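Structure first, commentary second.
For the numbers below, each heavy atom of this structure counts, side chains included, while hydrogens, waters and symmetry mates do not. What you see is a predicted model, and the numbers here were worked out from it, not measured in a lab. The chains referred to below are lettered A, B, ... by the order of the sequence lines, with proteins before strands, and numbering in each begins at 1.
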Number of protein chains: 2
Amino acid sequence: MPSDSRRLSVLTKELAQYLPHLSVDCVVFGFHNSDLKLLLLKWKNASVWQLPVGYIRNRESVDAAAQRVLRSRTGLRSVHLSQFHAFGGLKRKESDFRRCFESQHVETPPDAWPTHRVVSIGYYALVDFLEVRPRPDGISDAASWFPINGRPRLAFDHDEIVQWALDMLRSSLDSPKAAATLLPERFTMPELHRLHEAVLDCRLDRRNFQKRMLERDLVERLPERRIGGAHRAPYLYRFKTHRLDAGFQRRRA
Amino acid sequence: MPSDSRRLSVLTKELAQYLPHLSVDCVVFGFHNSDLKLLLLKWKNASVWQLPVGYIRNRESVDAAAQRVLRSRTGLRSVHLSQFHAFGGLKRKESDFRRCFESQHVETPPDAWPTHRVVSIGYYALVDFLEVRPRPDGISDAASWFPINGRPRLAFDHDEIVQWALDMLRSSLDSPKAAATLLPERFTMPELHRLHEAVLDCRLDRRNFQKRMLERDLVERLPERRIGGAHRAPYLYRFKTHRLDAGFQRRRA
DNA sequence: CCAAAAGTGTTGCAATTACACCCATGC
DNA sequence: GCATGGGTGTAATTGCAACACTTTTGG
C-alpha cells in the first residue's frame, strides 16, 4: 500500500491530466410516464447531495468531457447534452474536493486547483430514467433519482444551476430542433404530450397539443402503432429531420 | 532595454496572473439610427480582423473579466454584457499569441498556455457606436466598427462566435428583461423600432410595433418629448422596471 | 359491455396583421 | 405649403383555447 506522499504525488499527477480551474456540471433529467426526475450523487463523507461533475482532459473538447462524465456516472452513451451556461463566480466551488480525499486518508496538496476557484460549464440532458441504473463510482457513496419537485437542497451553488437548467429545458421545448433530441427517435403522441406536461409542470389540452404538433409540421406519423399496451394502440411518430434546420423562428410584427 | 530572457520571464509572470486555458471573447454590437455594426480589432502583425478577447484574472469573476476586457477595448463602463456560450472545441485558438509577441521580438515560452488550447466564454453587448471611439490598445494595430452585413471574414472561429451572438441578440429582443439592457434609459419609440429592425434584419410595421410594446406593458411614456430634431417631436419612453422580473414567459396550449 | 385510453372536429375569442388618416416641424 | 417623420384607429385574418363525441382494446 502506497504511503501518503506517494498517494499525494499520484493525485497531483492525476490532476495534471486536466485543464485546471475548469469543470463540467451535468444536470441529468430523467423522464418516464409522467414523472420528471433528477440524477444526484452523494460523495463519500459528504452529507448533502450534488450534481455529477467532472473535469476536462487536456486533449478533450468540453463537449466530449461532458459526454464522458455523464457516461462514467450513468453508463449512458450517445445521449444528447446541451450546454446552457458557464458559472464563473469568484467564490464558487463545485465540489468539496479536499474533504473527499482526506476522508480517504489522502492528503490533498495545498495548490491542488480543485480546492481553489473553479469555473463550471453546465450541461443538461434528458433521458429515460428506467433505462439508467445509476451506480455510484469511486468517489461517490450513492447515486439516485429524485423527483424534480421533491429534490433535496443541494451542495454549493447546485440549486441555482439546476434552476437554470430547468429554465433552459423548458424553453427548449418550443424550439423543434432541441425538442427532437429529448425523446427516442420513435415515440407516441401521448408520450410527447406527457413529456411537455412534466417539463412545463402544467396541464396541456391533449387535443390542442396534438393539433399544434401536426399543424406545425414538426412530426410525422408512421404507419405503425405501439402494440402491447392496454387499450387502443397509439400511432408512432418521429420528428421531421428536414424541418429541424429552420432553427430560431420568432414572432414579428 | 531588457534582454529576451528578461522579457520572457516577464511574459511568463504576466500569464501567471490569469486562469490558464480560459478567455473571454466579446462580441460588441454597435447601433445608431438604423445601422448595426460590429467592433473588430486587428492585432499587430496580423492580416485578419478578430474579436476583442482577454483573459480572466485569478481573483476575478468571469463576468467581471468580460467587463474589464470590454472597458480596456472601448473605454465603456457599466455596459450590460450577456454571456451566451462557451466554446470548447479541441483545436480552437482564439488568438495568434505567439506570432503577435514574436513580431515584437519577444520570444514566447513553449509552454505558454495561450499558444495551446483555449476555452473561450462568449459575451455580447450592444452599445451606441457614436459614443464609443474604439482605440487600439497595446497589442492591436487597429480597432474599428464594421457594418454587421459587410464585415470581413474573421480569424479563427470568430465568424461562428459572431453568428451565435447575433442569434442570441435576436432572441433576446422578445425577452423584455434583456431588451431593456440594450438601450439607454430613455428612448423614443422610433428608436426602439429601428433597433428591432436593424437587429432582426427585417421590416416591422411601425404602428403594430408601437401598439404591441404598449399593450404588453413593457414601456411607459414619459411626459417629455425629444426636442432638437427636425419634424414632429417624438415622446420619450422608458422600460417599466417592475415588469422586468417576470423573466421567461412561454406560450402554452 | 364497460372502463380507460386514443383519435378527430367545431366553435368562439384573442392576438396579430394589414392598412389609412391626421398632426407637427423645418425648409 | 409641402415634404418628412411621428402619432393613432379599424377591419380582416389567423392562431389558440375551450369543448364532446367516436373508436379501440383488455378484462
Side-chain angles (χ1 to χ4, degrees), chain A residues 32-35 170 173-176 179 183 186-198 200-238 243 246 248-253, chain B residues 32-35 171 173-176 179 183 186-198 200 202-238 243 246 249-253:
Chain A
H32 195 88
N33 272 343
S34 294
D35 293 324
R170 284 178 176 149
L173 285 184
D174 48 35
S175 161
L183 272 179
R186 300 153 89 248
F187 51 88
T188 69
M189 195 57 78
E191 282 166 357
L192 186 62
H193 177 233
R194 280 191 292 269
L195 170 66
H196 280 242
E197 285 194 334
L200 296 175
D201 197 22
C202 70
R203 311 224 112 254
L204 301 172
D205 184 277
R206 187 171 63 84
R207 302 153 284 191
N208 292 333
F209 178 81
Q210 168 151 342
K211 217 184 315 166
R212 260 222 317 276
M213 288 293 145
L214 293 174
E215 277 172 0
R216 283 190 191 168
D217 217 31
L218 305 181
V219 297
E220 64 182 346
R221 177 181 284 183
L222 301 173
E224 310 123 89
R225 291 161 174 253
R226 168 145 304 165
I227 53 172
H231 314 298
R232 181 173 182 169
Y235 288 100
L236 287 170
Y237 294 82
R238 71 173 168 210
R243 290 283 294 155
F248 283 75
Q249 295 207 8
R250 301 285 163 176
R251 281 163 293 144
R252 293 175 184 181
Chain B
H32 196 88
N33 273 343
S34 295
D35 294 324
S171 65
L173 285 185
D174 49 34
S175 161
L183 272 179
R186 300 150 92 249
F187 51 89
T188 69
M189 195 57 78
E191 282 166 357
L192 185 61
H193 177 234
R194 281 191 291 268
L195 170 67
H196 280 242
E197 286 193 333
L200 296 175
C202 70
R203 312 224 113 252
L204 302 172
D205 185 276
R206 186 171 65 85
R207 301 153 284 191
N208 293 332
F209 178 81
Q210 168 151 345
K211 217 183 314 166
R212 262 222 316 276
M213 288 294 144
L214 294 174
E215 277 171 1
R216 284 189 190 168
D217 217 30
L218 304 182
V219 297
E220 64 183 346
R221 176 181 286 181
L222 301 173
E224 310 122 89
R225 293 161 174 253
R226 168 144 305 164
I227 51 172
H231 314 299
R232 181 172 182 171
Y235 288 99
L236 287 169
Y237 292 82
R238 70 174 169 210
R243 291 283 296 155
Q249 295 206 9
R250 300 284 162 176
R251 281 162 295 143
R252 294 176 182 182

Exercise. Provide, to the nearest angstrom, the distance between the CG atom belonging to B:Leu192 and the C1' atom belonging to D:dG6.
Key: 15 Å
Quiz item: Which whole-number value in Å describes the distance from B:Lys211 NZ to C:dT16 P?
Solution: 10 Å
Quiz item: Any N or O donor-acceptor pair linking the side chain of B:Arg225 to the base of C:dA24 at under 3.5 Å?
Solution: no
Quiz item: Should A:Gln210 be listed as having a side-chain N or O under 4.0 Å from OP1 or OP2 of C:dA6?
Solution: no
Quiz item: Which distance, rounded to the nearest 0.5 Å, do you find between the CD of B:Glu197 and the CG of B:Asp205?
Solution: 9.5 Å
Quiz item: What distance do A:Asn208 atom CG and A:Gln210 atom CD have between them, rounded to the nearest 0.5 Å?
Solution: 10.5 Å
Quiz item: Within this structure, what is the CG-to-P distance between A:Leu214 and D:dC16, rounded to whole angstrom?
Solution: 14 Å
Practice problem: Please report, rounded to the nearest Å, how far the C1' atom of D:dT4 is from the CZ atom of B:Arg194. | Solution: 13 Å
Quiz item: Measuring from B:His32:NE2 to B:Arg194:CZ, what's the distance to the nearest 0.5 Å?
Solution: 8.5 Å
Exercise. Spell out yes or no: do the side chain of A:Arg232 and the base of D:dT23 have one donor N/O and one acceptor N/O closer than 3.5 Å?
Key: yes
Quiz item: Where each residue is assigned the nucleotide of DNA chain D containing its nearest heavy atom, which of B:Arg207 and A:Ala230 is assigned the position nearer the 5′ end?
Solution: B:Arg207
Practice problem: Rounded off to whole Å, could you give me the CZ-to-P distance for the A:Arg221 and C:dA6 pair? | Solution: 13 Å
Quiz item: Quick one: does A:Arg212 reach the base of D:dA17 with a side-chain donor-acceptor pair under 3.5 Å?
Solution: no
Practice problem: Would you mind telling me which of D:dC19, D:dG7, C:dA5 lies closest to the side-chain atoms of A:His231? | Solution: C:dA5
Quiz item: So, does the side chain of B:Arg206 form a donor-acceptor pair with the base of D:dG7 at under 3.5 Å?
Solution: yes
Quiz item: Which of these, B:Glu191, B:Arg186, B:Arg221, sits in a side chain to side chain donor-acceptor pair (under 3.5 Å) with B:Tyr237?
Solution: B:Arg221
Practice problem: Nearest whole angstrom, please: distance from the P of D:dG7 to the CG of B:Asp205. | Solution: 14 Å
Quiz item: Rounded to the Å, how far apart are A:Met213 CE and C:dA6 C1'?
Solution: 17 Å
Quiz item: Nearest to the side chain of B:Pro190, which nucleotide is it out of D:dG6, C:dG9, C:dC19?
Solution: D:dG6
Quiz item: Rounded to the nearest 0.5 Å, what separation is found between the CZ atom of A:Arg225 and the CZ atom of A:Arg232?
Solution: 5.5 Å
Quiz prompt | Euclidean distance, atom CE of residue A:Met189 to atom P of D:dT24 [Å, nearest integer] | solution = 19 Å
